[in-house]
Amino acid sequence: MMSQRRKQFPFDDFEPRWQQHWEENKTFSAPNPGDKGFDASKPKFYALDMFPYPSGSGLHVGHPEGYTATDIISRYKRMKGYNVLHPMGWDSFGLPAEQHAIKTGEHPRINTENNVNNFRRQLKSLGFAYDWDREVATTDPEYVKWTQWIFLQLYHSYVCEETGKARPVSELEEKGFSREVIDEKRLAFVADTPVNWSPDLGTVLANEEVEEWRSKGHTVERRPLRQWMLRITAFADRLIDDLDDLDWPEGIKNLQRNWIGRSEGAEVDFTIAGEKVTVFTTRPDTLFGATYMVLAPEHPLVDKIATPEQKEAVEEYRKVCASKSDLERTGLATEKTGVFTGGYAINPVNKEEIPVWIADYVMMGYGTGAIMAVPAHDERDMEFAEKFEIPIIEVVQAPEGNEDNCFCGHGTAINSGFLDGLSTADAKEKIIDWLEKSYLGKRTTNYKLRDWLFSRQRYWGEPFPIVWKDGLHYGIDESELPLLAPPLEDYKPTGKPEAILAKAKDWVELEDGSIRETNTMPQWAGSCWYYLRYCDARNSEAFISPEAEEYWLSGDGKAGGVDLYIGGTEHAVLHLLYARFWHKVLNDLGYLKTPEPFHKLVNQGLIMGEDGQKMSKSRGNVVNPDEVVDLYGADSLRLYEMFMGPLEQVKPWSMKGVEGVYRFLGRVWRLVYEADQEGNWKMREQLVDAKPDKATNKVVHATIKKVGEDIDSLSFNTAISQMMVCSNELGKLDKLPVSSVALLLQVLNPFAPHITEELYQVLQKEFKDLPEGDLASQDWPAYNEEYLIEDEIEIVVQVNGKVRDKLTVSKDASKEELEALALKSEKAQVFIEGNTVRKVIVVPGRLVNIVAN
RNA sequence: GCCGAUGUGGUGGAAUGGUAGACACAACGGACUUAAAAUCCGUUGGCCUUUGGGCCGUGCGGGUUCAAGUCCCGCCGUCGGUACCA
């Protein structure tokens, strides 16, 4: 219907024209230090979007939300005199392309390239000011080369225990450490661990990924496998502590803190039949209240401890646990279960014997897989103790008013021998000191974070630059990079936990008898460092040159060099944690100067369907950006996405809303143009080369001010409403000063670049005094404070806080004058009458409040 | 349970502790038109009204203040994340 109607302005004509203009003139190219046209005197601004996975279904309206925001900032910063780095690229490894290959037998690169081309076309149709010369795809051989190179840095590094920093393993070789010891210390290492194996995906998954794939209906089971791991745990403390220096949403910081899950406490050694069993606790001060011990069902000591009478029950219970999925085991409402082993442990602090149980509420994978249970002060232990009638001993006196059936907070130690009377904090210190002196335990910190399982058995990922010989692994020489996977006849997974690349015998088996590693890296590898590559995308000598790094990633007092990073929350713990980890390693090794990658992070809110539901194909509420561009133009789509509401908020789509901003752009168009009888666009006669009057100057300059401030604070919706106010005012004028229109076009340009450039060009032809060149190359206009000051202002007269009258007064009226005027107000008098005026509050320029009773 | 958001007209949303509802959408009325679309101009939180206005109103209950959507305390709802992590 809409396409049948006459367009309010010919966006389908000028939008592609301007896009072509920008492309041909390389308007938004950002030269590097040393390049032609580079101006070192300008400050830099790095605005980064989370690059998309180029899926087959193309862009959805969520993409342009964040992209438009960074685009507005980038265009604005350029006008403010910055060298702006605003790049785009493709996170193009991934499972869908591989599944397409499985179905068709076609190399996944072909499908990937098609999708990338479609994404690029769609993004270009929105007029984003990207420097397309810096475009990268993680699947480009040149990019793969450096991803593998960075892996080799990890492989050839270890973390020095004294400094906590990554260092080359060559230092260990020089010190004469054995190959075996060195291999155990590498940041990239091989381990036999229980991993998350998904038979239907044909690959293992990182802990961080398990939930996502499960929720998509795939099965994930645990099984022991030999895998490449990255030692992210060695960076746990820095990954937590350095969050403090970042300008990130508190929620995201908390998600990372929780994911890393640092908890400080103590390990305490108990003895069971002569065997030492260590437990981890964050509350060593409650040691006197431990009335039983629980081992994880998988705990290696269970066999030794279980008495003959209990052996059968224990075996039975372990079998049941093993068959349970993680979900069942950790499920919400599961009642506590467990079995007595028959064994007893000796509590080191009072030598008392406590029964040892096994129960699945204790996880083998965390702490030591064994706990001391203090039912009086732990809800889980309490529930368990009540069910199995185990004694409960209170050892912490809750502060008054906080008494609880199961008090888990801090209080005063009781029934605890030498700890009695101490605060929880002091008791912790004292008991840990005692344990350490008695060689019965030590202070420890535990983390939930596990090392990063880094290998995948898929085809469409970076092969590991590793060969095996005689059971030992070796990093291949840098000169052999990139190491690309050979094309296969058949991309189907084997169903066994064996990498698909193992099928390529000719590639795997080398002449010297060594064989290639057949695993590939996860998709995260490429996205861990793409923001670095953008800085120097065409460098074939290094992943980034020191000069480019120095300029674009200088933090200038900030922890991270990317000045603004906008993207969705879905990457809160995965990509953002991994990228920080790699960055820190490269920083330690001297390749980067900043400790963090992203200084300021903003999460755009999800765009819901028109029905308020999450957009999805099955609901049929997905909005296709191509359609919106077709009906209303790119400027309308950009403007609407910014006008919907605050960037970070979740908000529903509304086609009516798109029409609203489309009409606004139509009004801006008609400030300059009107249609004649034949329907041709002619310049409006009201446009004059005259000085604007006071009111016009006021609204225009107020707009310049507000739009600038609002862009700085990412409040794009209110910036747009101010521009609407401005254009509404200008539209009423019989004599419309062209300079005022030009200023509006200038501040609107970052939001709606096509229509504003088009109109400005038209004005330039008629009014020769306008500054030359296009809007993109002009400076952001300064506002004149004088125009904002009004001679007369309206102030409000309140009586007891309620508005009773409004007065128009001179802007210079003194407090005393205002008070006198307000007291004289007849409307206010009515409410004062009969009462005594107790107080008069005068807020100059705003109001007078008369307190009377 | 915990963590983080959030609650304002019919809707999306504005409001440095200082005139609640800017700007839009929808709706209604009018102009233009043979008609419609588009455009332009009005009205639009609720209740009462003698048409001057008045009263009520930002999830609920308290509090601080001359003044609270905004600050404090306690609840409730919604959304997102996360969870036997000892």
Can you measure A:N603 atom CG to B:G4 atom P for me and round it to whole angstrom units? 16 Å
Do NZ/NE/NH1/NH2 and the carboxylate oxygens of A:K732 and A:E729 come within less than 4.0 Å?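 Between A:E729 and A:K732 there is a salt bridge, with a charged N closer than 4.0 Å to a carboxylate O.
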Find the distance between CH2 (A:W653) and CD (A:E65) and round it off to the nearest 0.5 Å.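 Output value for this atom pair is 9.5 Å.
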With respect to the side chain of A:M363, which nucleotide from B:A86, B:A26, B:C3 is positioned closest?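 Side chain of A:M363 sits closest to B:A86.
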Closest nucleotide among B:A86, B:U39, B:A14 to the A:V362 side chain: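 Minimum distance to the A:V362 side chain belongs to B:A86.
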Does a nitrogen or oxygen in the side chain of [X] sit under 4.0 Å from OP1 or OP2 of [N]?
| X | N | result |
| --- | --- | --- |
| A:K656 | B:A26 | yes |
| A:N728 | B:A24 | yes |
| A:R670 | B:C40 | yes |
| A:Q798 | B:U19 | no |

Assess whether one donor atom and one acceptor atom, taken from the side chain of A:N849 and the base of B:C66, lie less than 3.5 Å apart. yes
With A:F9 as reference, evaluate A:Y662, A:Y673, A:Y632 under the ring-ring contact (aromatic ring centres under 6.0 Å, His included) test and give the passing residue. A:Y662
Looking only at the aromatic ring of each residue, does the gap between the centers of A:F716 and A:F643 stay below 6.0 angstrom? no
Reading RNA chain B 5' to 3', how would its secondary structure be written in dot-bracket notation, given Watson-Crick and G-U pairs with both distances under 3.5 Å, brackets [ ] for crossing pairs and | for partners on other strands? (((((((..(((.....[....))).(((((.......))))).((((....))))..(((((..]....))))))))))))....
Check side chain to side chain donor-acceptor pair (under 3.5 Å) between A:S616 and all other residues, then give those that pass, not counting sequence neighbours.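 Listed in chain order: A:S618.
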Indicate yes or no: at least one non-hydrogen side-chain atom of A:V279 is less than 4.5 angstrom from one of A:M293.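 Result yes, sub-4.5 Å side-chain heavy-atom pair found.
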